[in-house]
Amino acid sequence: VPALPGGISRIASGMGAMSQSQYLFVVILDSQTVSDSLINKFDLQTVYDKEYRFLARKELSNHTWIDFPPEGQVVITVEAKEDPQLAQEMALEYYIQLNNILTDRMINTASTKRKFLAERISETKNRLTFVEDSLANFQQERNLVVPADEPGGVGELLTLPVKGNLEMLALIEAEREAKSIELRVKQSFYRANHPDVTMLKKQIRELDRTISKIETPMPQISLDFARIYRSLKVQEELLLLLTAQYEEARINEADNTPSAVLLDTPSLPEYKYRPKRALNSLIAALGALLLVCVVIVLTERYREQNRMS
C-alpha cells in the first residue's frame with residue numbers, strides 16, 4: 001500500500017493481504033491526533049522524559065505494535081517501561097480513540113449527505129409542481145384534455161405510439177439523476193480515482209448510451225408532449241429515490257453503534273518483554289572480554305616493537 005505511513009510499515013506485516021477497513025484503522029491509529037491524545041492523557045512527555053512533543057510521539061511509535069492478521073482484526077500491542085498497568089490502559093485508549101474518530105466521521109458523513117438530500121428533495125418537489133403545471137397548460141392550450149368518461153382522446157393518441165419508450169426513458173433518466181446525485185456526494189468525500197467514484201461514472205455513461213438508443217424521431221406535437229410527460233415521470237421517480245436515500249441517511253446519522261468492536265480487552269502484561277538483562281549482560285561481558293583481548297594483543301605488539309628498536 002503506497003500511502004501507508006512509515007511508522008506503521010515498520011511494525012506491520014502481511015501488507016498485501018490487508019483489507020480496506022484494516023488499512024483505515026491502522027492509518028487512524030498511527031495518526032498524530034491519536035498520538036497526541038495518548039500523550040496528553042498519560043503525560044507521556046514526562047513518562048518518556050522528552051522535552052519536545054515530537055520526540056514523545058516518536059517514542060510512543062517505537063513502543064507500539066499494530067498488526068492485522070488475515071482474519072480481519074487489528075491487534076494493538078503497547079509496551080510501557082516498568083508499568084504494566086499503563087501499557088494496558090494505553091492499549092484500551094487506542095481503541096477508544098479509534099472508535100471516537102470513526103463514529104464522528106460516520107455521523108458527519110451521514111449528516112452532510114442528509115442535508116444535501118433534503119435540499120435536492122425540496123428542489124425536486126418544486127420542479128415536479130412546475131412540470132405538472134406545464135403539462136396542464138399544454139393540454140389546455142392544444143385541447144388535449146381527455147374527459148373522465150372517455151377512455152381515449154387526442155392526448156392518448158399522441159402518446160400511444162411512444163408511451164412504452166417514454167415510461168422506459170423516464171425510469172432510466174430518474175436512475176441516471178439518482179446516480180449523479182450519489183456521485184456528487186461521494187466526490188465530496190473520496191478522491192477522483194476512488195473505486196466507487198469510477199464505478200458511478202461508468203454507470204452514468206452506460207445510462208447515457210441507453211437513453212440515446214431509445215430516443216426515436218417523433219412528430220413535433222408528440223415530441224413536445226413527450227418531453228413534458230417524460231419530465232413529469234422523471235421527477236416523480238426521482239422524488240421516490242431521493243426520499244428513500246434521505247430516510248437511510250437519517251437512520252445512519254442517528255445510529256450510534258460503535259464502528260470498531262472491541263473483541264478482547266487489553267490484558268495486563270505478565271512478564272517483562274525488554275530489556276533482556278541476562279542477554280544484555282552476556283553481550284556486555286563478551287564485548288568486554290573481546291576488548292581486553294584486543295588491548296592485550298596491541299600492548300604486546302607495542303612492547304615487541306620497542307625491544308626490536
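Here, residue 1 is the first one in the sequence, and each next residue gets the next number.
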Find out whether [X] and [Y] are in side-chain contact, i.e. whether some heavy atom of one side chain is under 4.5 Å from a heavy atom of the other.
| X | Y | answer |
| --- | --- | --- |
| Glu59 | Leu44 | no |
| Ile181 | Phe116 | yes |
| Leu102 | Phe25 | yes |
| Trp65 | Ile76 | no |
| Phe130 | Gln235 | no |
| Thr124 | Glu119 | no |
| Glu175 | Leu171 | no |
| Gln203 | Glu182 | no |

Is [X] reaching over with its side chain to a backbone N or O of [Y], donor-acceptor style, under 3.5 angstrom?
| X | Y | value |
| --- | --- | --- |
| Ser122 | Ala118 | no |
| Ser61 | Arg57 | no |
| Thr243 | Leu239 | yes |
| Asn99 | Tyr95 | no |
| Asn62 | Lys58 | yes |

Does a sphere of radius 6.0 Å around [atom1] in [X] hold more than 12 heavy atoms from other residues, nucleotides or ligands, not counting ones at 6.0 Å or beyond?
| X | atom1 | value |
| --- | --- | --- |
| Arg301 | CZ | no |
| Lys186 | NZ | yes |
| Asp49 | CG | no |

Where is the tightest heavy-atom contact between [X] and [Y], given as atom of each residue plus distance?
| X | Y | value |
| --- | --- | --- |
| Ala249 | Leu117 | CB-CD1, 4.3 Å |
| Ala174 | Val234 | CB-O, 3.9 Å |
| Val78 | Met90 | CG1-CE, 3.7 Å |
| Arg191 | Val197 | O-CG2, 3.8 Å |
| Tyr94 | Thr64 | OH-OG1, 3.2 Å |
| Val34 | Ile28 | CG2-O, 3.2 Å |

Distance check, rounded to the nearest 0.5 Å: [X] atom [atom1] versus [Y] atom [atom2]?
| X | Y | atom1 | atom2 | answer |
| --- | --- | --- | --- | --- |
| Ile172 | Glu177 | CD1 | CD | 14.5 Å |
| Glu89 | Glu93 | CD | CD | 9.5 Å |
| Lys179 | Arg184 | NZ | CZ | 14.0 Å |
| Thr33 | Leu38 | OG1 | CG | 11.5 Å |
| Glu237 | Leu242 | CD | CG | 11.5 Å |
| Gln45 | Phe54 | CD | CZ | 10.5 Å |

Would you say Ile121 ends up clustered with Leu241 if hydrophobic residues are merged whenever their side chains have heavy atoms under 4.5 Å apart, either directly or through other cluster members?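 Not linked; separate clusters.
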When you look at His194 and Thr198, which way does the side chain to side chain contact (heavy atoms under 4.5 Å, CB included) test go after all the steps? CA-CA 6 Å; His194 191 275; Thr198 304; over 6 Å; no
Full working for side chain to side chain contact (heavy atoms under 4.5 Å, CB included) between Leu60 and Tyr48: CA-CA 8 Å; Leu60 175 61; Tyr48 295 142; 3.8 Å; yes
Between Asp43 and Thr46: side-chain donor-acceptor atoms closer than 3.5 Å: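 Yes, a side-chain donor-acceptor pair sits under 3.5 Å.
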Working note: Glu247 + Arg250, criterion salt bridge (charged side-chain N to carboxylate O under 4.0 Å, His left out); need CA distance, chi angles, decisive distance, verdict. CA-CA 5 Å; Glu247 292 301 325; Arg250 286 183 60 187; 3.7 Å; yes
Using a strict 4.0 Å threshold on nitrogen-to-oxygen distance, state whether Arg120 and Glu123 make a salt bridge.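 A salt bridge is present here (some side-chain N lies under 4.0 Å from a carboxylate O).
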